[in-house]
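Structure first, commentary second.
Just so it is clear, the values below take in all heavy atoms, side chains as well, and ignore hydrogens, waters and symmetry mates.
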Amino acid sequence: MSSNSPSWQQALEALPSTPEKIPAFFFAHGSPMLAFPSSETLGAMAYHGPNGPLAKFLSEFGPTLLKKYKPKGIVVFSAHWETAGERIVTDYPENPLLMDYYGFPPELYQLKFKSKGDSKLAQRIVDLYQNAGQKAKTTTVKESRGEDGRGFPGPGLDHGVFVPFQIMFGEEFMDIPIVQVSIDSSLDPEKNWQVGKAVAQLREEGILILSGGLTAHNLRDRASLSAHTARAVHKEFDEAIHEAMAVESTEERKQKMIDLTGHAGFRASHPREEHFVPLYVAAGAGEGGRVRTVMDLYGLGSFVFDV
């Protein structure tokens, strides 16, 4: 690996192949901007666009996961699906797409990502939550889970899943089942930590756990989304995230992570914390082991837990 390679390439290359206990990941899942027509000028949003660093990272992240871990299934959490007090688990034979975004160019409503679900895996997830004293149930393609930007309610994987996944795995990905689980709408760090912890056993059953969000997500302040335009307070918060992840002690690291919500730059980066709490889901799923950074660019922090 060349010393001139992006840091994420070196980090991905360094991931140990441990299929007997697959690590848990928090990854920057981006936005529909990742799939924006590359011919259009995105200005400050180019950082999040199809030619930006996140798109390049995801295109290497997905193949690395498949090569290193050869997962039997993928369980994914997204910042875009919250439910109160009960985990909802997709049970779809083939995963529909919920295009839960509005006002974008027509091309973004023609995106493709063909994948399958798995009823046995979905039920296994429900059982794990119930064993942990948490409520959970499956949902089918006959049930709506949100509003689609094309003008109707529907089921499906949301854009926090299928937009990055079609970059990571291609437009057709039928070899490995994908099941999505909702996060806790309380947005409480500890409750969402427990959301991840309840399904940690799956990692020893050949299942890859991915939790997607963003370490900077303030759509009211577009300047805060890019490393090129973010203010000092945003960058200080970003640095604090990486400092918390670098703490060796499991207990101290957890406390540092929870304390991030009290950082002076937290609200400047997250007016509402739904894109941040998936970090706690991943940490719960990978509780107890080392944490490494796999993507260190501002606002795009991505981490591997129990590696």
Side-chain angles (χ1 to χ4, degrees), residues 24-27 29 71-101 113 115-150 152-165 173 176-203 205 207-214 272-286:
F25 291 83
F26 170 82
F27 73 107
H29 71 189
K72 298 175 183 176
I74 296 173
V75 173
V76 60
F77 299 85
S78 161
H80 293 280
W81 193 16
E82 311 166 24
T83 55
E86 184 174 38
R87 305 286 59 75
I88 309 298
V89 183
T90 62
D91 185 1
Y92 304 146
E94 184 173 319
N95 292 315
L97 306 184
L98 183 70
M99 297 188 172
D100 53 337
Y101 43 85
F113 180 66
S115 66
K116 65 181 181 180
D118 185 312
S119 290
K120 288 184 178 180
L121 177 55
Q123 188 57 51
R124 172 66 173 143
I125 295 166
V126 169
D127 291 344
L128 285 170
Y129 279 115
Q130 292 177 345
N131 291 343
Q134 300 186 41
K135 293 181 179 179
K137 66 179 181 180
T138 58
T139 184
T140 72
V141 292
K142 297 180 179 179
E143 300 171 287
S144 170
R145 56 144 289 197
E147 292 296 320
D148 191 287
R150 293 168 290 185
F152 54 83
L157 306 179
D158 63 62
H159 77 271
V161 178
F162 73 82
V163 169
F165 274 24
F173 185 67
I176 301 169
I178 297 170
V179 173
Q180 184 175 359
V181 183
S182 63
I183 64 173
D184 194 290
S185 64
S186 68
L187 304 183
D188 177 77
E190 182 59 38
K191 286 184 178 179
N192 278 285
W193 193 288
Q194 296 304 317
V195 166
K197 187 173 181 177
V199 294
Q201 176 62 33
L202 293 173
R203 298 171 43 223
E205 300 172 11
I207 305 302
L208 172 64
I209 298 176
L210 301 176
S211 189
L214 284 166
R272 188 174 184 273
E273 57 266 45
E274 81 285 346
H275 275 74
F276 195 69
V277 295
L279 179 65
Y280 299 116
V281 177

*For Gly212 and Phe26, which heavy atoms make the closest approach, and how far apart are they?*
C-CE1, 4.2 Å
*Where at least one partner belongs to residues 117-128, residue pairs that pass salt bridge (charged side-chain N to carboxylate O under 4.0 Å, His left out), sequence neighbours excluded*: Arg124-Glu205
*For the residue pair Tyr101 and Phe162, categorise the inter-ring angle as parallel (less than 30°), tilted (30 to 60°) or perpendicular (more than 60°).*
tilted
*asked:* Quick check: closest heavy atoms across Trp81 and Thr90, and the distance to 0.1 Å?
replied: CZ3-CG2, 3.7 Å
*asked:* Keeping Ser182 on the side-chain end and Ile88 on the backbone end, is there a donor-acceptor pair under 3.5 Å?
replied: yes
*Do side-chain atoms of Ser211 reach the backbone of Pro278 as a donor and acceptor pair under 3.5 angstrom?*
yes
*asked:* Quick one: does any side-chain atom of Asp148 pair with a main-chain N or O of Met99 as donor and acceptor, under 3.5 Å?
replied: yes
*Just by modelled atom types, is the Val195 backbone N or O under 3.5 Å from a matching donor or acceptor in the Tyr129 side chain?*
yes
_Closer than 3.5 angstrom, by distance alone: can the side chain of Ser115 be matched with the main-chain N or O of Asn95 as a donor-acceptor pair?_
no
_For the backbone of Ala285 and the side chain of Arg203, can you confirm whether one donor and one acceptor N or O come within less than 3.5 Å of each other?_
yes
_Using only atom types and a distance under 3.5 Å, with no angle test, would you say the side chain of Ser186 pairs donor to acceptor with the backbone of Asp188?_
yes
*Angle class for the His80/His29 ring planes (parallel below 30°, perpendicular above 60°, tilted otherwise)?*
parallel
*asked:* Do Ile209 and Val281 have side chains that approach each other closer than 4.5 Å (heavy atoms only, starting at C-beta)?
replied: no
_If you count heavy atoms of other groups shown closer than 6.0 angstrom to NZ of Lys72, is the number above 12?_
no
*Determine yes or no for a side-chain-to-main-chain donor-acceptor pair under 3.5 angstrom, with Arg87 supplying the side chain and Thr83 the backbone.*
yes
*List the atom of Leu128, the atom of Ala198, and the distance in Å for their closest heavy-atom pair.*
CB-O, 3.6 Å
_Residue pair Leu157, Phe165: steps toward the side chain to side chain contact (heavy atoms under 4.5 Å, CB included) verdict_ = CA-CA 10 Å; Leu157 306 179; Phe165 274 24; 5.6 Å; no
_Between Glu143 and Lys137 (salt bridge meaning N to carboxylate O under 4.0 Å), is one present in this structure?_
no
*Considering all heavy atoms of both residues, which atom of Tyr92 and which atom of Thr139 are nearest to each other, and what is their separation?*
CE2-O, 3.8 Å
*Decide whether Gln194 and Asp184 meet the rule of one side-chain donor and one side-chain acceptor closer than 3.5 Å.*
no
